[in-house]
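Structure first, commentary second.
Throughout, protein chains are lettered first and strands after them, A, B, ... in sequence-line order, and every chain is numbered starting at 1.
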Number of protein chains: 2
Amino acid sequence: MLQFAILGFLYDEALHGYDLRKRIAALTGHIRPIADGTLYPAIRKLADAGLLSRELQPGQVAAPRQMLSLTESGRADLLARLREPDELFVTDENRWFCVLAFLRYLDGDPEAQVAVLRRRLDFLTQPASFFYDGDRPLRAADFDDPFRQGLFTIATATSRTELRWLRETITALGG
Amino acid sequence: MLQFAILGFLYDEALHGYDLRKRIAALTGHIRPIADGTLYPAIRKLADAGLLSRELQPGQVAAPRQMLSLTESGRADLLARLREPDELFVTDENRWFCVLAFLRYLDGDPEAQVAVLRRRLDFLTQPASFFYDGDRPLRAADFDDPFRQGLFTIATATSRTELRWLRETITALGG
DNA sequence: CCGAGATACCTAGACTTCGAGGTATCACGA
DNA sequence: TCGTGATACCTCGAAGTCTAGGTATCTCGG
């Protein structure tokens, strides 16, 4: 998953690890920044496999960096993964859905249920940069290719549906 | 995640491992059955922690089973997790979205792009038992509590949005 | 010039899950 | 009665990620 994302982000441009980390964090609306201890070993692994090359640069802004760029085989690997993403259809680990599946067991305590829904609402309404370009709300048309447009459309629709349901349900439960 | 799901499924009724496996598989439309080598160690761990008890039964259908039931502390643990699901808000690993984010890089080969979308379409349109009770399509009203109703509503809306987008885009790309 | 903060990279141990194997029980048909 | 298939549980090694630490560089304000 992470290695796939790293290859994807490097396809267009060379980046160093810290930038890559910011890209990945921005993708998820800065909600789930990947940990250093996860990212750098993944980079090293890709480098060891010959999929990307590292070039040490003297520090311009701060500490010296390693510019990362895809090798030819890294490029080929990404394209191959895009062509045959069999395993990528499967995993969709949505822990919040797991909470919803069992939240009825707090039935003696509707206030606790409402509190959980309210925290979810707060979480979803904090500005997620996936939906914004700075302060400007994004639209599907802001993306150049139909695939990111679809991604945006699906994510937006899901978010809207959940927000509407959350607000209705919080009201219905007397919150 | 898995341990959470196990506790949730056992809250209402005692089950043995094999049934639990089927419940979890059914939840995901039999698309992602949990592996034995994942499930049984998780059960053992919960048992060691005193959250569930195991009672050996002689084999009625086949091999002898261990009936699993929540202990009082298992019950308390689930309710506590439901009350404070902080970490549960975060992880949402959607590998398919990762594919969509980068699928534009197959731009020299629209047929390969369409093939990927078509496989996704096949995957989404195979009967997922999460949306069906046997052959009968489920509705939100089939669930007793608002939380599973919401889960169903959100999942359905997401699925519908994606299906519409997939069909439109496959057509637009000349597939 | 000195400390704080941002930048940049790294290690180590733990946890969860996966996959590929193994063993044993029972029912049922050929 | 003998195999096959479904049921039921288990072990082990590999892989990916997380958390919690650590080190070093550079800028900038006081």
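- The side chain of B/R65 has D/dT7 as its nearest neighbour among C/dT17, C/dT11, D/dT7.
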Please determine whether ring-ring contact (aromatic ring centres under 6.0 Å, His included) holds for the pair A/F102 and B/F9, giving the CA-CA distance in whole Å, both sets of side-chain angles, and the decisive distance to 0.1 Å. CA-CA 8 Å; A/F102 301 122; B/F9 278 113; 5.4 Å; yes
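- Contacts between residues 9-19 of chain A and DNA chain C, counted as heavy-atom distances below 4.0 Å, involve A/H16, A/G17, A/Y18.
- Here D/dA8 presents its P atom at 18 Å from CD1 of B/I34, a figure rounded to the nearest Å.
- Here C/dC10 presents its P atom at 11 Å from CG of A/D48, a figure rounded to the nearest Å.
- The side chain of A/Q3 approaches D/dG16 more closely than any other nucleotide in the set D/dG16, C/dT17, C/dT11.
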Would A/R21 and A/D36 count as a salt bridge (Lys or Arg N to Asp or Glu O under 4.0 Å) here? Give the steps. CA-CA 8 Å; A/R21 196 160 81 90; A/D36 277 359; 3.1 Å; yes
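- Here the P atom of nucleotide D/dT17 and the CE atom of B/M1 are 16 Å apart, to the nearest Å.
- Among the heavy atoms of the strands lying under 4.0 Å from B/R44 are primed sugar atoms or P, OP1, OP2 only; no base atom is included.
- Side-chain nitrogen and oxygen atoms of A/Q66 include none within less than 4.0 Å of the OP1 or OP2 phosphate oxygen of C/dA8.
- In this structure, B/E55 atom CD and D/dC9 atom C1' are separated by 17 Å, rounded to whole Å.
- Rounded to whole Å, the distance from CG on A/L20 to P on C/dC9 is 10 Å.
- For the pair A/L39 CG and C/dC10 P, the interatomic distance rounds to 10 Å; values are reported in whole Å.
- Residue-level contact check: A/I43 touches neither bases nor backbone, having no heavy atom under 4.0 Å from any strand.
- Mapping B/A42 and B/D36 onto DNA chain C by nearest heavy atom places B/A42 at the nucleotide closer to the 5' end.
- Under 3.5 Å, the side chains of B/S53 and B/S69 contain a donor-acceptor pair of N or O atoms.
- Between A/Y40 and C/dC10, a side-chain N or O to OP1/OP2 separation shorter than 4.0 Å is absent.
- Between the side chains of A/W165 and B/Q149, no donor-acceptor pair is found at a separation under 3.5 Å.
- Remark: B/Q113 CD to B/L106 CG distance equals 5.5 Å, nearest 0.5 Å.
- Rounded to a whole Å, the CD1 atom of A/I24 is 15 Å from the C1' atom of D/dC18.
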Salt bridge (Lys or Arg N to Asp or Glu O under 4.0 Å) evaluation trace for A/R81 with A/D77: CA-CA 6 Å; A/R81 290 194 201 210; A/D77 189 82; 2.8 Å; yes
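- Checked against D/dC10, C/dT17, D/dT19, the side chain of B/R54 finds its nearest nucleotide in D/dC10.
- Taking the six-membered ring for Trp and thresholds of 30 and 60 degrees, A/F152 and A/F143 have ring planes inclined between 30 and 60 degrees apart.
- The phosphate of D/dG16 has OP1 or OP2 within less than 4.0 Å of a side-chain N or O from A/K45.
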